[in-house]
Chemist: 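Here you go, one structure.
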Amino acid sequence: MKNLPIQFVRKFVQYGFLAMIALIGVQFTLFVNQLEEGILPTITRPPGIEGFLPISSLISFKYWLVTGIFNPIHPSGLVIFLVILATAILLKRGFCSWVCPFGLLTEYLNRLHRFIFRKDIRMPRWLDYPLRSLKYLLLFFFIWAIIIKMNARDLDYFIYSPYNMVADIKMLLFFKDISAFAFWVLVALLVLSILIRNFWCRYLCPYGALLGGLSFISIFKIHRNEGTCTQCQQCTRTCPVDIKVHKTTGVLSDECHACLKCVAVCPEPNTLYISAAERSGALQPALYALVICLLFIGGSVIGRLTGHWQTSISNAEYSFHVAQLDTPFYRHNRGQVPVYNKDAWMLMMQRIKKNQKPWRKGQRLKD
Ligand code: SF4
Ligand code: SF4
C-alpha cells in the first residue's frame, strides 16, 4: 500500500509534464509549418519550447551574469534553466525522475532491459566510473567553451545571431528532415540504452552532470535512520542507479534522482525518508511533487509578470528568417550579427500589409 501512493504521485507528475511538453511540441510544429508554408503564423509560438535549448540557455545565463541583461531572444529558456538549477539545489536530481521526458523514456527502456535479460545487468565498477565521467567531460567542455572562453562581446554576437534566433526551428527541422547519419546515431543510442541501463542519463547527459554536481549541495536528500533500519537491503536492491542506500545515513551521490523508490519499499516506518537534515521532518512525497511543480509554475508566472517569457522576435521577423534558412548565416554560428537584406525586408512587409503571404513557398532564399 505504501508503495503505490509514492510512485503513483511521481508517475502522475511525470505524465503531467509529458502531456505539457507534447502540447508544446504540437503547437510549435504547427507554428513552424505555417512559417514553412510562407504564411504569417496565426498560431502562437509556445515559449516553453526554449526549454529544449540548453546550450543557448547556458549562454544566456552567462550573459545575464556578465551584463545584467536578461536577453529578449530566448528569455523563457533562461527562466526554465534557472528553475531546473533551483530544483537540483533544493531537491537533488528530482528533475531527472519527476520532469524530464528522457528520464521517463529511460525507465521504460530499463523495463525492456529487464524483460530481455530477465534481470538487471550491472556495469562492473571498473567500467562504470570512467563511463560516468564522460558526461562530466561533456559538461566541462561546455563550461570551458562558454563560461570561460566567451566574453561579453562573443555572447552578444551569439545571442543576436540568426543562428540562435532560429535555433528552436532548426532543432525541429533537424528531426523532421533527419539525416541518415543522425538517424543511425539515435538508433545506436536507443539500442545502447536497452543493453545498458540508464545509458544516456548515467553516462552521456551533460544536463544530468550539471544537476548531479549541484545536487551535492542539495538541501533535501534521502536519509536513513540507523536505529530502526533492519538491514534488509530492499532499498539498495530497488535503487535504479545502484546506490548502496542501506550503507549510508544520507545519500550524497550525484546519481540519486530522488525517485523515492527506496523510500517506497522500505518496510520499516520512519526509517528511510527525504528531509533537509537527518533528524528533521520528512518531506512527504505529495509535498515533494507540489514543490517541484510550483517551481516550474512559479518560474513561468514570474517570467510572464516581469516580461521575461515571450521572445521579442515578431512573427514577421520569423517569417523573414525562415525564408532564408538555407543561407550560410543560419547554418553555422559564425559569431556575426545579422546583416539583413533591407530590400527583401521591405518587400515582405509590403506583402504583409496587402494581406499577402510574406513570401512564396518554393522561393526560399539560398546562398
Ligand atoms: S532509489 Fe533512492 S537512492 Fe536510489 S535514486 Fe531513487 S531516491 Fe535516490
Ligand atoms: S529498506 Fe529500510 S530497513 Fe531495509 S535496509 Fe533499507 S533503510 Fe534499512
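Note that the coordinates shown come from a computational prediction; the quantities given were computed from them, not determined experimentally. We count ligands from 1, going down the list as the structure has it; atoms in each ligand are counted the same way.
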Chemist: In sequence, state the C-alpha distance, the side-chain angles, and the governing distance for L192 and Y203, and then conclude on side chain to side chain contact (heavy atoms under 4.5 Å, CB included).
Modeler: CA-CA 11 Å; L192 282 167; Y203 301 129; over 6 Å; no
Chemist: Any idea which heavy atoms bring W98 and H257 closest together, and the distance?
Modeler: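 Closest pair (atom of W98, atom of H257, distance): CD1-O, 4.4 Å.
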Chemist: Do I89 and S218 come within less than 4.5 Å of each other through their side chains, counting heavy atoms only?
Modeler: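 In short, these two side chains do not touch, never coming nearer than 4.5 Å.
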Chemist: Determine, step by step, whether R202 and D128 satisfy the salt bridge (charged side-chain N to carboxylate O under 4.0 Å, His left out) criterion, reporting the C-alpha distance in whole Å, the side-chain angles of both residues, the deciding distance to 0.1 Å, and the verdict.
Modeler: CA-CA 9 Å; R202 192 172 176 94; D128 183 49; 2.9 Å; yes
Chemist: For atom 2 (Fe) of ligand 2, what is the nearest protein heavy atom, given as residue, atom name and distance?
Modeler: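 Looking only at protein heavy atoms, the one closest to atom 2 (Fe) of ligand 2 is C266 SG, 2.3 Å.
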Chemist: Ring-plane angle category for Y108 and Y15, please: parallel below 30°, perpendicular beyond 60°, tilted otherwise.
Modeler: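 It falls in the tilted class, 30° to 60°.
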Chemist: Do L186 and I178 touch side chain to side chain, with heavy atoms closer than 4.5 Å?
Modeler: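 Yes, their side chains come closer than 4.5 Å.
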Chemist: Please report which non-hydrogen protein atom sits nearest to atom 5 (S) of ligand 2, along with the residue it belongs to and the distance in Å to one decimal place.
Modeler: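 The closest heavy atom on the protein side is Q233 N, 3.2 Å.
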Chemist: Near V245, which atoms of ligand 1 are under 4.0 Å from a heavy atom of that residue?
Modeler: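 Selected atoms, number and element: 3 (S).
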Chemist: Suppose I only count heavy atoms of L260 and a 4.0 Å limit; which atoms of ligand 1 are within that range?
Modeler: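 Once the distances to L260 are compared, the set is 6 (Fe), 7 (S).
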Chemist: Taking all heavy atoms of A258 and all of K92, pick out the closest pair and write down the distance.
Modeler: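 Taking every non-hydrogen atom into account, CB-CB, 4.1 Å.
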Chemist: Looking only at protein heavy atoms, which one is nearest to atom 7 (S) of ligand 2, and what is the separation?
Modeler: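 Looking only at protein heavy atoms, the one closest to atom 7 (S) of ligand 2 is R224 CD, 3.6 Å.
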Chemist: Suppose we only count N/O/S atoms under 2.8 Å; would C262 qualify as near atom 6 (Fe) of ligand 2?
Modeler: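 It does not: C262 brings no N, O or S atom closer than 2.8 Å to atom 6 (Fe) of ligand 2.
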Chemist: For M150 versus A145, what's the shortest heavy-atom pair and its separation?
Modeler: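 Scanning both residues completely, I find the closest heavy atoms to be CG-O, 3.3 Å.
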Chemist: For ligand 2, which atoms, with element, lie under 4.0 Å from some heavy atom of H246?
Modeler: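 What qualifies from ligand 2 is 5 (S).
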Chemist: I need the nearest protein heavy-atom contact for atom 6 (Fe) of ligand 1: residue, atom name and distance, please.
Modeler: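 Here the closest protein heavy atom is C259 SG, 2.3 Å.
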Chemist: Could you list the atoms of ligand 2 found under 4.0 angstrom from a heavy atom of C235?
Modeler: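 Under 4.0 Å from C235, ligand 2 has these atoms: 1 (S), 5 (S), 6 (Fe), 7 (S).
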Chemist: Output the list of atoms in ligand 1 that are nearer than 4.0 Å to some heavy atom of V241, sorted by atom number.
Modeler: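 Heavy-atom distances to V241 below 4.0 Å select 5 (S).
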Chemist: Specify the protein heavy atom at minimum distance from atom 8 (Fe) of ligand 1: its residue, its atom name, and the distance to 0.1 Å.
Modeler: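 It is C256 SG, 2.4 Å.
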Chemist: Give me the residue, atom name and distance of the protein heavy atom closest to atom 4 (Fe) of ligand 1.
Modeler: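 In this structure, atom 4 (Fe) of ligand 1 has C239 SG, 2.3 Å as its nearest protein heavy atom.
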Chemist: Have a look at ligand 2 and work out which part of E268, if any, has a heavy atom under 4.0 Å from it: side chain, backbone, both or neither.
Modeler: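 Contact part for E268 vs ligand 2: side chain (C-beta onward).
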Chemist: Check ligand 1 against P240 and write out every atom of the ligand that is under 4.0 Å from a heavy-atom position of the residue.
Modeler: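 Listed by number with element, the hits are 1 (S).
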Chemist: Tell me which part of A258 gets within contact of ligand 1: side chain, backbone, both or neither, using heavy atoms under 4.0 Å.
Modeler: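 Near ligand 1, A258 shows its backbone, while the atoms from C-beta on stay back.
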Chemist: Under 4.0 Å between a Lys/Arg side-chain N and an Asp/Glu carboxylate O for R197 and E255?
Modeler: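 Looking at R197 and E255, the cut-off is not met.
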Chemist: Are more than 12 heavy atoms from other residues, nucleotides or ligands located less than 6.0 Å from atom CZ of R153?
Modeler: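 Open: at most 12 neighbouring heavy atoms sit under 6.0 Å from CZ of R153.
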